[in-house]
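Notes for the one structure printed next.
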Amino acid sequence: MGVFGVELRRRHEACRGGDRCGGGVLGRPLRFLVIDNQTNPTQALAAARSFDAQDKVLVISGPTSSDNALAIYGYAEQNQVPFLVPVAAFPQLTKPGTQWTFRLEPAAVGWGYSIAKFVEQKKPGAKIAIMYSDFALMRAIAAGLKYQIPRSNLTAGPEIVFPQGSSDATIQATQVRAASPDYVVVIGAGAFDNTITNQLLDLGVKPDQIIHPFGFTTNILGWGARSVGSYFGTFFDHDLDGVTAEGKKFIKDFAEKNGRPPSYIENFCYTTPYVIKQAIEQAGTVDRAKFRDALRALQTKETTSGVPIAFDKNGARQEYIYYMQITSMDVAKKEYSAKQVFYMEWSPEVIPVYDLVK
Amino acid sequence: MLEIENLTVRYGAFLAVDRVSLSVGEGIIVGLVGPNGAGKSSLVRVVSGLVQPVTGTVRFRELPLDGIPPHGRVDRGIAVVPEGRGLFPQMSVEENLLMGRYRRGMGNGARALMDHAFALFPILQERRRQLAGTLSGGQQQMLATGIMSEPQLLILDEPSLGLAPIVVDEIGRTLRRLKGEGVTILLVEQNAKLAADVADEIYVMQTGRISHHGAASDLMTDRSVMESFLSVQ
Amino acid sequence: MNRMRASKDMWLWISGAALVIGLALATAGNRFAAFIIGIVFLNVLWTAGMNLLYGYTGLVSMMTAGVAGIGAYGTVKLFLDYGWSFWFAVPVSAVGAAAVGVILGLPALRLRGFYFVLSSLVIQVALTLVFIYFPQFTNGDTGITQIPRPGLWLPGFGAVDLTGPGFEIILGLLALAGVAVVYMIIRSRMGAFIIAIREDDLLAEELGIDVTRYKVMVFFISSLLMAVGGAFYAVYTGFISPRSFDVLMSMNIWLMVAFGGRGTIAGPIIGSAILVPIPFLLQELYQIKDIFYGSLIILVTVAMPAGVYGTILKWWRVRRQKQNTAVAPVAIKRMPAE
Amino acid sequence: MVDPNLLIGLSMLTTGLVLGAIFALTAAGVTIVYGCIWLPNAASGQFFLLAPLVAWSLSTAMGWSPILAVAAVLIAGLPFAYLLERLLIRRFYDVPDRNIAYFVVTLGITQILSGVFSITWGQWSDQYNIPPLAEGVVFIGPFPLPANRLIALVGALALLGALFVGLRYHRFGRALRAVFQNREAAALRGVDVQRIYLGAFLLGTSVIFAGGLLYAMAYSFDLSVAWSMGITAFAIMIVGGPGSVLGALVVGMLFGFVQAAVSVFASPTAATLSYLLAMLVILLLRPSGLFAR
């Protein structure tokens, strides 16, 4: 149902590519699960089982949409197979007591927390309106934001939830406009995100009052040239200040191949094989338990951006986010540029993540 | 004008019409009478092209109608008013009349024909904007005379069904008047009295077969026919 | 004659059970193959219910997945949150789910033909939304994970291990029992009545058959099979979510019955055995999965209205008929009223 | 600062009009096909999506002007629908329970099209914007309405009007309604019923395509719109009465305004659930719909 799956499906190739690690590690090839949101959970489970029982893999990995990730999570935990998830922001994947699952993408609840921190720094006491679609991921972001707003001494504006598959937000945008908030946080899926953004701009909300907690390249281009000046949160962008030489090469190669710059999802996918490789080298064997222990102890950096990689006791990533401001856009050429305006790192449990989202 | 030869109609294992032959001469009214379930309507459906017979042929003006779809038969001048009158309940009286001109087009004296219909039944002119579904049974039957397509052969299936005797008489008068205008009519009826009143020639159909045939005046005085009728009616 | 049939039936069921146990044990070494077999067994149970409903009574229900979902969520709730024994939770939630199914479906069962299909589709969509938008019961669209397999204590055997082939054997016997239930219903007086309803419900009514009552009974029994299947699905796979029980599942179950051959005992089993493994075995071809399925649906409807087994049966009958030169009885079908 | 209540009221009005007109148009397409052929097109949502996707490709990847792209899609839709009718739809014209057969077959088409979408357009983007025909914003009092959405609204209303007039007064429209009301009597009046079926399928499908194109002019869209619009169009058809174009108009507009109003006074989720509820209640109490033919 979600757009995420569609988006993710497109990125599988990037993940499987792992261009630099194609030869495998310690003489074993790397294989990735191909799962998208069209895949039934039963099939996702069967695929995990096939990797585990048939191929006797060391670790299962795959960018997965919501319920499939949890299905495989259950399998991995019950059958003691390491499961490294590049892209899935659900806190439940690393809930307390998790033994075998590791999540490279920071939890969505934390993104909400970071928005409040960002606004707190930009404009103390600001009033924030929230508009979001009723998907589990969006709810998680909103939950984190709502938790942190009073703690950051901000004011909560209107909060509007849209059911999955909504098309029009004119009235809600008008309601939000009428409350004159300082910032509007738009947490929408795909096209609906564009529609809301357009309707807010129609009504005279300024671009730099709009915050998108996350954006893929295609999303950002979808907001259109009018949205230049708005903010978006991300974990990787081609205009980041800290992109390394290897990161620049990755961006260049990817853009040549795909006609657009990579998003953070591709970056996580690119990073995954490195993480696996490093953990195997640390473990020194291909024993699942030793590999798991090595992942737990791992202290490394994303080779593309230099951001540290470390997992907490439940397998959650040490959290971080960038806020970028769009500075120019050419939709026809599929190009945009942005500047980094905020960066922060925090522990995964700085707020009660696992209580906010069951 | 219309010759039916050795016609057999089957629905699955059910034999509806069994080797029936019948002919309608030009310019007269032929009555086809018989009880409910005798196969009369099946025969009408074959002539109109809605049902394909198992065996037998239907010829109109010497030409066989085999394989000609219903609208092709309308083009040749056959108009069929089916059982239940075949009106369009959510269309106005005027639109129902216009549907009768579907093949002939709006030119070619459509206006004059409509005036003619209104002259025959002034009540229809009064109610020309009213929906057909809201008319009384008699008025609906007036609307369903099929004359708008200027037919050479008009086939009416059970026009008297559910109508008061006084209205049935009115229908009889109208049929005679149409005959006077040169229209050949095949009247299919359960109501033997109406058929006897207006028809020149009568066929009696029972359980899929023609049991009697003759001039209306002869047949209605025939004791055996009357008895077989009374016993089934 | 009757005794001969009964003993023939007996042998059939015994060999069925032997086949099921044999399949489960044969695949015990390969847990992937065993999983596919287990899912096939579950689908045999589901299609048995659908066959009773669609194949024999002529009701195309699109809400079967929803009923299975209620059975699954109910069982998991009782099992995990209230600490009931799984074996006690299953019958309770299955009866509950079937009752809910009947209550939801009851008004729709009065409707004929297409309107019933539509109503059941609407109910299915609504149930999926309920699964999504009531996260306090269902955990929302993320689903419930890590559902443990239950233990089983059998007198004479002691504690039985259900993590290995034991569970596949249970699923297989369950499927067999589901098929047997349908078989016995069809052989009974009720079977004759519901087939009459399928052929012509107006005529059946005229003959004095209480059409709505029989429809409701059939709907209840098939819902029961669906819900039991849903409950076992939950503990077998260890995971359920609204997407596990969406309209696609209803369609797939329908398709297996239609594909195998509606209104035959063997047809749906054949349909499940052929169609279920395909997506698992063609994992790499996930991109054309939908296109493949859609084409199959159209193909079956256009070219094989009787399904695979139905077509074989027909062909077989024609052949035998030619040999015996016997006259085939032709059913009297009333003309569709225009 | 303008009075917020006036702003919200105006936005409710325009939203109700835009959504209502698009809903009504799409449902009219669905109901024409159902009423005439007895074909409940489960794939109508996919058709609704197909047209703007093609227009999106033409206007962005190929660089056509949006007007040309929209026109090209509408024209290309005719041979598409014609082929479908020839290859598949007409096989079932004589099947007694053909509405169920059609429902199943079109569910198959739904599967195929969504599979095709996800391996083609789904790979290319996750949301689609057709470049606007007109830039800028038109002020209705204090309320800003984008010119493009105004064009979509006017287009939808014009098409609805044309459809209504055509069905009422044109010879083909009259024949179409005659087939709705009494198939056999229409045949006896000389209507070639199979040709009308073909015509109804072409017309209904084109109307659905037009609905999708207008929607895409008013909003950004993605692949999920097929499912939600398919359900909405069905709900409108059922509540309005299958086969009733008037029902589709009235109920479509009603649904648009209900969505707008419920969004203000309750929540957008409640609006979506209210459709399903309305559809279920109508199905159970009055299966032939409010505007039974």
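Every chain is numbered from 1, with letters handed out A, B, ... down the list of sequences.
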Review point. For Asp168(A) and Val18(D), what are the C-alpha separation, side-chain angles and deciding distance, and is it a side-chain contact (heavy atoms from CB on, under 4.5 Å)?
Key: CA-CA 10 Å; Asp168(A) 188 286; Val18(D) 174; 5.7 Å; no

Exercise for review: Go through the structure and list residues passing side-chain hydrogen bond (donor to acceptor under 3.5 Å, both in side chains) with Thr120(D), not counting sequence neighbours.
Suggested key: none

Practice item. Sort Leu19(D) into side chain, backbone, both or neither according to what part of it lies under 4.5 angstrom from a heavy atom of chain A. Key: side chain

Check your understanding: Of the backbone (N, CA, C, O) and the side chain (C-beta and beyond), which part of Ser228(D) lies under 4.5 Å from a heavy atom of chain A, both, or neither?
Key -> side chain

Working to the nearest 0.5 Å, report the span between [atom1] of [X] and [atom2] of [Y].
X: Ile171(A); Y: Leu10(D); atom1: CD1; atom2: CG; answer: 11.0 Å
X: Leu7(D); Y: Arg177(A); atom1: CG; atom2: CZ; answer: 8.0 Å
X: Gln172(A); Y: Ile8(D); atom1: CD; atom2: CD1; answer: 10.0 Å

Name each donor-acceptor pair under 3.5 Å that joins a side chain in residues 139-155 of chain D to protein atoms two or more places apart or in another chain, with its distance.
residue   : atom : partner   : partner atom : Å
Asn148(D) : OD1  : Leu133(D) : N            : 2.9
Asn148(D) : ND2  : Met217(D) : O            : 2.8
Arg149(D) : NE   : Ala218(D) : O            : 3.2
Arg149(D) : NH1  : Thr170(A) : OG1          : 3.4
Arg149(D) : NH2  : Ala218(D) : O            : 3.4

Review point. Between the side chain of Asn194(A) and the main-chain N/O of Ser220(D), is any donor-acceptor distance below 3.5 Å?
Key: no

Review point. So, the side chain of Gln127(D) versus the backbone of Thr218(A): is there a donor-acceptor pair under 3.5 Å, distance only?
Key: yes

Check your understanding: Between Phe216(A) and Asp126(D), what is the shortest heavy-atom contact and its length?
Key -> CD1-OD2, 3.8 Å

Practice item. Measure across Tyr219(D) and Ser167(A) and return the closest heavy-atom pair with its distance rounded to 0.1 Å. Key: CD2-O, 3.5 Å

Review point. Is the NZ atom of Lys127(A) crowded by more than 12 outside heavy atoms at less than 6.0 Å?
Key: yes

